[in-house]
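Accompanying notes for the structure given below.
Just so it is clear, the model here is predicted, and its values are computed rather than measured.
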Amino acid sequence: MPLEAALDAAREAGLDLVEVAPDGEPPVVKIADYGKQRFAEQKKRAEARKKQKSADLKEIKMRPNIDTHDYEVKARNIRRFFEDGDKVKITLRFRGREMAHQHLGMELMAKVKEDFSDVSKIELEPKLEGRQMIMVMAPR
């Protein structure tokens, strides 16, 4: 139908002429209430925003000479964070003379890396920053 006839039909109905497929030959239009359509699209976008989950960065702090039970508790928390889809930053803090035994820190970080290799990937390899060793892991 010609454009003028479509516009007249839309005016008679008291609605708008909305272009649905501009790429088509000829372009496809429909008679509808444009305000209602915009409102529905806005609601759909808001709902999608509400449902999306942002990956938080959770931090786990350890010491180089951590006990086995304490390590297991922290490991359980790390696994739970990965299940929730969060990234985990593992911070290993050296105090006093522990700085002389940085190899213990690297061994602990290697153990963490190995324990979670099935559910995570390393985003930031372990590196020493001052008195702290930091490693960031993300879920697979």
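Checked by atom type and distance alone, the side chain of Lys74 pairs as donor or acceptor with a backbone atom of Lys61 at under 3.5 Å.
In this structure, the side chains of Phe81 and Ile60 come closer than 4.5 Å at one or more pairs of heavy atoms. Side-chain contact check for Met135 versus Leu124: every heavy-atom pair is 4.5 Å or farther apart.
Under the 4.5 Å side-chain contact rule for hydrophobic residues, Leu128 and Ile66 share a cluster. Under the 4.5 Å side-chain heavy-atom criterion for Ile, Leu, Val, Met, Phe, Trp and Tyr, Val73 and Met62 are members of distinct hydrophobic clusters.
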Practice problem: Test Leu92 against Gln132 for side-chain contact (heavy atoms from CB on, under 4.5 Å), laying out the working first. | Solution: CA-CA 6 Å; Leu92 196 65; Gln132 296 188 96; over 6 Å; no
Practice problem: Assess whether side-chain contact (heavy atoms from CB on, under 4.5 Å) is satisfied between Val136 and Leu57, documenting all intermediate values. | Solution: CA-CA 9 Å; Val136 178; Leu57 181 66; 4.2 Å; yes
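One finds the OG1 atom of Thr91 at 11.5 Å from the CE atom of Met133 (value rounded to the nearest 0.5 Å). Rounding to the nearest 0.5 Å gives a distance of 12.5 Å between CD1 of Ile78 and CD of Glu83. Atom CD1 in Ile90 sits 5.0 Å away from atom CE in Met137 (nearest 0.5 Å). How far CD of Glu47 is from NZ of Lys43: 8.5 Å, rounded to the nearest 0.5 Å. The CZ atom of Phe82 sits 12.5 Å away from atom NZ of Lys58, with the distance rounded to the nearest 0.5 Å.
The nearest pair of heavy atoms linking Arg93 to Pro64 is O-CD, 3.2 Å. Considering every non-hydrogen atom in both Ala138 and Lys87, the closest pair reads CB-CG, 4.0 Å. For Lys121 against Pro139, the heavy-atom pair with the smallest separation is NZ-O, 3.2 Å.
With respect to the salt-bridge test (charged N to carboxylate O, under 4.0 angstrom), the residues Glu129 and Lys127 qualify. A salt bridge links Glu98 with Arg63: the closest approach of a Lys/Arg side-chain nitrogen to an acidic carboxylate oxygen falls below 4.0 angstrom.
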All N/O donor-acceptor pairs, side-chain side in residues 99-118, below 3.5 Å, sequence neighbours left out:
unit_1	atom_1	unit_2	atom_2	d
Gln102	NE2	Met99	O	3.3
Lys113	NZ	Glu125	OE1	2.8
Asp115	OD2	Tyr71	OH	2.5
Ser117	OG	Glu114	O	3.1

Name every donor-acceptor pair, under 3.5 Å, that has one atom in a side chain of residues 2-25 and the other anywhere in the protein, sequence neighbours excluded.
unit_1	atom_1	unit_2	atom_2	d
Asp8	OD1	Arg11	NH1	3.0
Asp16	OD2	Tyr34	N	3.0

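Within a 6.0 Å radius of CZ in Arg131, more than 12 heavy atoms belonging to other residues, nucleotides or ligands are found. Within a 6.0 Å sphere centred on CZ of Arg140, heavy atoms belonging to other residues, nucleotides or ligands number more than 12.
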